[in-house]
Engineer: 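Below are the structure tokens for one structure; questions will follow.
Predicted, not measured: the structure shown is a model, and the values here were computed from it. Numbers here are sequence positions counted from 1.
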Amino acid sequence: MSEEKRTYRFMISGGGTGGHIYPAISIAQALKATLANVEILFVGAEGRMEMKKVPEAGFKIEGLWISGIQRKITVDNLSLPFKVIASIRKSFRLIREFNPDVVIGVGGYASGPLLYAATRRKIPTLIQEQNSYAGLTNKWLSKRVDKICVAYDGLEKYFPKDKLVLTGNPVRLDIQQENRDAAFGYFNLDPNKKTILALGGSLGARTINQSILKHLDALKSNDVQVVWQTGGFYHQNIVEQLDRDDYPGIRIHDFIREMQYAYNVADLVISRAGALSIAELMIMGKATILVPSPNVAEDHQTLNAKALVKKEAAVMVKDAEAENELIPTALKTLQDEAKLASLKTQIGALAKPKAAYDIANEVIKMAV
């Protein structure tokens, strides 16, 4: 069969959070855009968000009965060995039926069983690590897989150096559209005023929300506009606390779907330090204050943030200090045009805009 006629077959596994799902979808889209004939099957964890998001993006997905280890004794922990065995068995069956050229893991519960089964079957395997600190599943898989794509320097302390390829993190293409006039119109904001974009992820960030609530008067007196993604969990409570007539420059959203507009209006972004958020901020070249979440495995968001601070590409405010320090730091940064410009330049220099295609090319080389 000629290379032009050949159909390439890839399995992609991972999920649990948008930080795993969106990079996986970006890689799949890059594979489809690069190859004439390709079939892709996702494998996720039953009941997790990938089971909805992946079909919405136009790809097929199979679910495994798998979950993570809980920190306290629960029924889920007691059933974990049975879930692992069941998931590995199903992974072997899916691999046998789909017959992939390469199996790709992006982290998350489902990656472990599928990648384990693929390595046992001697199928070429690649994992992608989004953070500056290696996740437990990826560390465990690293000795077995053939290639590891990473987003940060220095991960040879976690992974075999000869397998590493520095590609960056894949980012959704839709956020990269530039249209400032449409963006300010969308949020009904004044393009001549400084604007902060505050993000806490889809669920929201209590610390960031409390920090803004505490300093609303300071934001108003400095004539600063705010596009504020509160997260669904906190949204109603914040709406009830805030009289919008008193703060006409505040735009409150539980979740922002038109992220390209949100980035377009922002002079400064306040964000958690998840890998996907940072990759988007790099691509958009946004001056940023990072408030790492303390409630993540191995405190990896702090490590992500410190990697940028070390390169003078972001400012970091600790979660424990944010309520008092975050907004004063943001206002001080907004008033320092040289600092703003430097932050934009430094974070933009770290961007890897072709990350999804670079990873896809590594996958294709393994399949040929």
Side-chain angles (χ1 to χ4, degrees), residues 1-14 20-43 54 57-60 91 94-108 110-112 114-131 134-135 137-156 158-173 275 279 283 350-368:
M1 186 182 289
S2 69
E3 289 299 310
E4 290 77 15
K5 299 286 187 181
R6 176 182 171 185
T7 296
Y8 290 86
R9 303 170 71 84
F10 304 112
M11 295 178 80
I12 304 178
S13 183
H20 292 313
I21 296 164
Y22 294 121
I25 291 172
S26 297
I27 294 166
Q29 290 169 336
L31 287 166
K32 282 190 71 174
T34 304
L35 295 168
N37 301 301
V38 61
E39 289 186 23
I40 297 170
L41 177 65
F42 278 77
V43 177
V54 169
F59 296 98
K60 295 178 182 177
S91 294
L94 291 172
I95 287 169
R96 186 173 64 252
E97 293 171 355
F98 190 73
N99 192 26
D101 294 293
V102 182
V103 177
I104 304 152
V106 296
S111 283
L114 187 74
L115 273 289
Y116 171 77
T119 58
R120 287 293 300 270
R121 289 287 302 274
K122 308 297 183 188
I123 294 167
T125 48
L126 175 149
I127 56 176
Q128 197 250 340
E129 174 56 61
Q130 292 104 27
N131 292 293
T137 301
N138 280 349
K139 276 198 284 190
W140 176 70
L141 289 168
S142 66
K143 295 178 178 64
R144 309 182 66 91
V145 301
D146 300 296
K147 194 167 291 186
I148 305 166
C149 292
V150 297
Y152 293 89
D153 293 317
L155 267 79
E156 59 272 8
Y158 306 117
F159 299 135
K161 187 176 181 180
D162 60 330
K163 297 181 181 180
L164 293 181
V165 183
L166 181 63
T167 57
N169 279 323
V171 171
R172 295 171 286 176
L173 293 175
I283 291 289
L350 299 174
K352 303 270 187 194
K354 296 180 180 178
Y357 285 91
D358 290 341
I359 295 167
N361 286 331
E362 293 296 330
V363 171
I364 293 165
K365 282 191 282 185
M366 297 170 73
V368 171

Engineer: Considering only heavy atoms from C-beta outward, does the side chain of Ser111 approach that of Ile127 to under 4.5 Å?
Structural biologist: no
Engineer: Distance check, rounded to the nearest 0.5 Å: Asn37 atom CG versus Leu35 atom CG?
Structural biologist: 8.5 Å
Engineer: Return the minimal non-hydrogen interatomic distance between Ala355 and Pro170, and the atom names on each side.
Structural biologist: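 Closest pair (atom of Ala355, atom of Pro170, distance): CB-N, 3.8 Å.
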Engineer: Apply side chain to side chain contact (heavy atoms under 4.5 Å, CB included) to Ser142 and list each qualifying residue two or more places apart in sequence or on a separate chain.
Structural biologist: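 Only Ile148, Phe159, Pro160 meet the side chain to side chain contact (heavy atoms under 4.5 Å, CB included) criterion with Ser142.
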Engineer: Which distance, rounded to the nearest 0.5 Å, do you find between the CD1 of Ile364 and the CD of Glu362?
Structural biologist: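 If I round to the nearest 0.5 Å, the distance is 10.0 Å.
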Engineer: How far does CG of Asn361 sit from NZ of Lys354, to the nearest 0.5 angstrom?
Structural biologist: 10.0 Å
Engineer: Would you please test Arg120 and Ile95 for side-chain contact (heavy atoms from CB on, under 4.5 Å) and show each step?
Structural biologist: CA-CA 11 Å; Arg120 287 293 300 270; Ile95 287 169; over 6 Å; no
Engineer: Is the closest side-chain heavy-atom distance between Tyr8 and Thr34 below 4.5 Å?
Structural biologist: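 Not touching, per the 4.5 Å side-chain cut-off.
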Engineer: Decide side-chain contact (heavy atoms from CB on, under 4.5 Å) for Met11 and Val43; before the verdict, give the C-alpha distance in whole Å, the side-chain angles of both, and the deciding distance to 0.1 Å.
Structural biologist: CA-CA 7 Å; Met11 295 178 80; Val43 177; 3.8 Å; yes
Engineer: Measure the shortest side-chain to side-chain distance between Leu126 and Cys149 over non-hydrogen atoms and say whether it is less than 4.5 angstrom.
Structural biologist: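 Touching, per the 4.5 Å side-chain cut-off.
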Engineer: Determine yes or no for a side-chain-to-main-chain donor-acceptor pair under 3.5 angstrom, with Asp101 supplying the side chain and Phe10 the backbone.
Structural biologist: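 No, Asp101 side chain to Phe10 backbone: no donor-acceptor pair under 3.5 Å.
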Engineer: Is the closest side-chain heavy-atom distance between Val102 and Asp146 below 4.5 Å?
Structural biologist: no
Engineer: Could you report the tightest heavy-atom contact between Ala24 and Val106, atom names first, then the distance?
Structural biologist: CB-CG2, 3.8 Å
Engineer: Taking only residues two or more places apart in sequence or in another chain, which ones pass side chain to side chain contact (heavy atoms under 4.5 Å, CB included) with Ala279?
Structural biologist: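 Partners of Ala279 under the side chain to side chain contact (heavy atoms under 4.5 Å, CB included) test: Asn169, Val171.
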Engineer: Grab the two heavy atoms, one from Glu129 and one from Leu155, that are nearest each other, plus how far apart they are.
Structural biologist: CG-CD2, 3.8 Å
Engineer: Using side-chain heavy atoms (C-beta onward) and a distance below 4.5 Å, is Leu115 in contact with Arg144?
Structural biologist: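 No; the side chains remain at least 4.5 Å from each other.
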Engineer: Can any side-chain N or O of Ser13 pair as donor or acceptor with the backbone N or O of Ala110 at less than 3.5 Å?
Structural biologist: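 Yes; at least one donor-acceptor contact below 3.5 Å.
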Engineer: Check the surroundings of atom NZ in Lys139: do more than 12 heavy atoms from other residues, nucleotides or ligands lie under 6.0 Å from it?
Structural biologist: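 For Lys139, atom NZ is crowded (more than 12 foreign heavy atoms under 6.0 Å).
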Engineer: Using 0.5 Å steps for rounding, measure from the OH atom of Tyr357 to the CD1 atom of Ile27.
Structural biologist: 12.5 Å
Engineer: Nearest 0.5 angstrom please: Tyr152 OH to Leu350 CG, how far?
Structural biologist: 9.0 Å
Engineer: Is any side-chain heavy atom of Arg96 closer than 4.5 Å to one of Arg121?
Structural biologist: yes
Engineer: Is the shortest heavy-atom distance from the side chain of Gln29 to the side chain of Phe59 under 4.5 Å?
Structural biologist: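 SC-SC contact between Gln29 and Phe59 confirmed.
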Engineer: side-chain contact (heavy atoms from CB on, under 4.5 Å) between Asp358 and Lys352: does it pass, once the steps are laid out?
Structural biologist: CA-CA 9 Å; Asp358 290 341; Lys352 303 270 187 194; 5.8 Å; no
Engineer: Counting C-beta onward and ignoring hydrogens, is there a side-chain heavy-atom pair between Gln128 and Ile104 closer than 4.5 Å?
Structural biologist: no
Engineer: Tell me if the NZ atom of Lys163 is crowded by more than 12 foreign heavy atoms within 6.0 Å.
Structural biologist: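 Yes, the 6.0 Å shell around NZ holds more than 12 heavy atoms from other groups.
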Engineer: Kindly give the heavy-atom pair with the smallest separation between Gly107 and His20, and that separation in Å.
Structural biologist: O-CG, 3.8 Å
